[in-house]
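To start, the structure itself, in C-alpha cells.
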Amino acid sequence: MTAPRVEIDLAKIRHNASVLVERLALRGISVTAVTKATLGSPDIANELVRAGIGALGDSRIENIELLRHAGVASTMTLIRSPMLSQVARVVEHADVSLNTEPAVIRALSSVAQVMGRTHGIVLMVELGDLREGIMPADLDEVVVEVLALPGLVLRGIGTNLACQNGVVPDATNMSRLSTLVGSIEATFSITLDLVSGGNSATLDWALGGNDTGRVNDLRLGEAILLGREPLHRTPIDGLHLDAFTLVAEVIESKAKPSLPWGPRAQNAMGQTSTALDRGDLTRAIVAIGHQDVDPSGLEPPADVEILGASSDHLVVSAAAPLPIGSELSFRLGYGALVRVMTSPFVAKVMNHPVEARHLAVVPRGR
Ligand SMILES: *Cc1c(COP(=O)(O)O)cnc(C)c1O
C-alpha cells in the first residue's frame, strides 16, 4: 500500500466523540467538534455529526468551505478571529465566528447586510492565557456595538485558556466567565444562548465536579481525535488513543556506529548532535521527515528508538534489522497529527466502520 500514509479509524473517532458528548451532556454542556487538525476531512466530519456533535468548528475558512461543499450537515463556527480580507467568505460559509476586534465585527456586519444574511457573533474574553480575547473591562463597549450593528446576532461569549501560556481552567477563571455572562445579560436585558467555555484543556474542569455555571459548550479537538487532555497529555478514560496511525517505509537498513566521525557543526535543522557512543546500532532510515511530520510528536513501536530526523529522513535504531520495504507504525501527538494531515506527501486512508467499509485513498495534491 502507498507510503507514507495516515490510517484513520473512523469508528474510534466516532466512539471518542460520542463518549465525550454523553459525559458533557450530564453537565449541561454541548460539544463543538474542532476539525482543524483533520484539514477539513468530510469523512471525519460526518462521523462527528453521527456521534451527536452539535456543531463543527475550524480555525481556517478554507476547511469550512471544504466541509460545506462536501455537504456536511452541521452548524459551522470559525473559531479564529476572521481576517478582514476574508469576511465575505466567513459570512457566506460560517454560521458563527469567534471575535475580538470591533473593526472585524463591523466588516462582518456590512457584508452580512449586503448578502442578506445574519451572522452569529461570539465575543472571546481574555481570562489570563494572553492569546485572543477582549479584556473584561472592555467587554460592555463591544457588546453595545454588536447589538447596534445590522446583520449580526450576539450569540454569546467564550474564552480560550491553556494554548498560549498553559493557564489552567479552574474554578476562579471559569466562574469569572459565568459572572460576565450574568452581568451582560443584566446590563443589556438580553439572553446569551452560547457560553463557549474552552478547548480540550477545559475537560478536567468540566467533568471534575466543579460548578460549571453558565458554560454550555466546549470546543474539543485533541480530546476527540487523540483521546487525551492537553494539560498533562493524560489519556481520557474509555477513549481510543490510536484513531490515527502513521505508517512509513524503511529505505535503508544497516549496522553503523552510534557516534558520528569527522569535524562537526550544525545539522540540517540547526542543532548540534548529542549522539553518545553506544557501540554499533542496528539503524534504519524511514522515508518521512520534518516536511511531513513533527518527529518529536511520534511514538515509535516498543523496540524502535527515534535517533533524529531531517526534512525527508527519519533515522531510527531497532532491536532487530528492519527489512528494506518494510513498514513502521507510529502513534501521533497533536502537532505531529496536524503536520501529517497537512502534508500532500502523506496519503490519508480512511477505515470506515463496518456498516460502510471501503477504502478511500485521498490522492496527493488534494
Ligand atoms: C484549536 C482550538 C480549539 C481546540 O483545541 P483542542 O485543544 O484541540 O481541543 C478550541 N478553541 C480554539 C479557539 C482553538 O483555536
Side-chain angles (χ1 to χ4, degrees), residues 13 16-17 19-21 23-24 29-41 44-45 48 51 53-64 75-83 90 94 96-101 104 120-134 155-169 173-174 177 194-207 215-236 239 241 243-244 294 297 332-339 341-342:
I13 294 173
N16 286 359
V19 168
L20 290 168
V21 166
R23 287 183 193 166
L24 286 164
I29 296 175
S30 61
V31 176
T32 296
V34 174
T35 52
K36 64 192 181 201
T38 73
L39 205 65
S41 157
I44 294 174
L48 296 167
I53 289 290
L56 297 173
D58 206 290
S59 48
R60 314 271 171 157
I61 192 63
E62 292 82 355
N63 290 343
I64 289 178
T75 298
M76 306 270 177
T77 301
L78 184 71
I79 62 169
R80 183 173 70 181
S81 179
M83 295 183 213
V90 174
V96 178
S97 57
L98 308 187
N99 285 272
T100 62
E101 284 295 343
V104 173
I121 300 288
V122 171
L123 295 176
M124 294 296 275
V125 187
E126 176 61 68
L127 290 180
D129 195 51
L130 296 178
R131 204 180 70 177
E132 74 273 40
I134 300 162
R155 292 290 313 281
I157 66 172
T159 197
N160 194 74
L161 294 170
C163 283
Q164 182 73 20
N165 284 296
V167 169
V168 178
N173 49 35
M174 293 310 292
L177 186 66
L194 188 61
V195 182
S196 187
N199 53 51
S200 296
T202 317
L203 268 178
D204 272 357
W205 167 84
L207 297 173
V215 170
N216 63 7
D217 193 81
L218 291 185
R219 308 176 304 274
L220 303 181
E222 179 163 359
I224 295 174
L225 300 173
L226 297 178
R228 288 178 193 270
E229 64 75 34
L231 289 173
H232 310 97
R233 299 259 137 52
T234 312
I236 299 169
L239 299 199
L241 309 178
F244 295 83
D294 171 6
L332 298 162
Y334 192 77
L337 173 66
V338 170
R339 197 94 66 87
M341 292 303 290
T342 310

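Here the structure is a predicted model, which is why all the values come from computation and not from measurement. Order of appearance sets the numbers: ligands from 1, and atoms from 1 within every ligand. The chain is numbered in sequence order, starting from 1.
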Answer with yes or no whether Glu132 contacts ligand 1, where contact means a heavy atom under 4.0 Å from a ligand atom.
-> yes
By side chain to side chain donor-acceptor pair (under 3.5 Å), Thr342 pairs with (sequence neighbours left out) none
Ligand-side contact atoms (ligand 1) for residue partner Asn199, heavy atom cut-off under 4.0 Å = 3 (C), 4 (C), 5 (O), 6 (P), 7 (O), 9 (O), 10 (C)
Pairwise side-chain contact, Leu203 with Leu24, heavy-atom cut-off 4.5 Å (strictly under) = yes
Please could you name the atoms of ligand 1 that Arg131 approaches to less than 4.0 Å, counting only its heavy atoms?
-> 12 (C), 13 (C), 14 (C), 15 (O)
Ignoring angles and geometry beyond distance, decide whether Met124 reaches within less than 3.5 Å of ligand 1 through its nitrogen or oxygen atoms.
-> no
Looking at Tyr334, which atoms of ligand 1 are within less than 4.0 Å of one of its heavy atoms?
-> 8 (O)
Quick one: look at Glu229 and ligand 1, take heavy-atom pairs under 4.0 Å, and tell me if it's side chain, backbone, both or neither.
-> neither
Heavy-atom contacts with Leu220 under 4.0 Å: which atoms of ligand 1 show up? List them by number with element.
-> 9 (O)
Near Glu222 (heavy-atom distance under 4.0 Å), the atoms of ligand 1 are 6 (P), 8 (O), 9 (O)
Distance to 0.1 Å, residue and atom name: give those for the protein heavy atom nearest to atom 9 (O) of ligand 1.
-> Ser200 OG, 2.5 Å
Counting N and O atoms only, with roles assigned by atom type, does the side chain of Glu126 sit under 3.5 Å from a partner on the main chain of Asp129, one being a donor and the other an acceptor?
-> yes
Do Asn199 and Asn160 have a side chain donor and acceptor closer than 3.5 Å?
-> yes
Which of the atoms of ligand 1 are close to Asn160, meaning less than 4.0 Å from one of its heavy atoms?
-> 11 (N), 12 (C), 13 (C)
Atom 15 (O) of ligand 1: which protein heavy atom is closest, and how many Å away?
-> Lys36 NZ, 2.8 Å
Is atom CZ of Arg60 surrounded by more than 12 heavy atoms (other residues, nucleotides or ligands) closer than 6.0 Å?
-> no
Just wondering, do Glu132 and Leu98 contact through their side chains at under 4.5 Å, heavy atoms?
-> no
Could you tell me whether a side-chain N or O of Ser200 sits under 3.5 Å from a main-chain N or O of Ala223, the two making a donor and an acceptor?
-> yes
If you measure from each non-hydrogen atom of Val34 to ligand 1, which part falls under 4.0 Å: side chain, backbone, both or neither?
-> side chain
for atom 11 (N) of ligand 1, nearest protein heavy atom and its distance come out as Arg219 NE, 2.8 Å
Candidate list Leu231, Asp204, Thr159, test side chain to side chain contact (heavy atoms under 4.5 Å, CB included), partner Pro169, passing option = Leu231
Which of these, Leu218, Ile29, Ile53, Leu239, sits in a side chain to side chain contact (heavy atoms under 4.5 Å, CB included) with Leu20?
-> Leu239
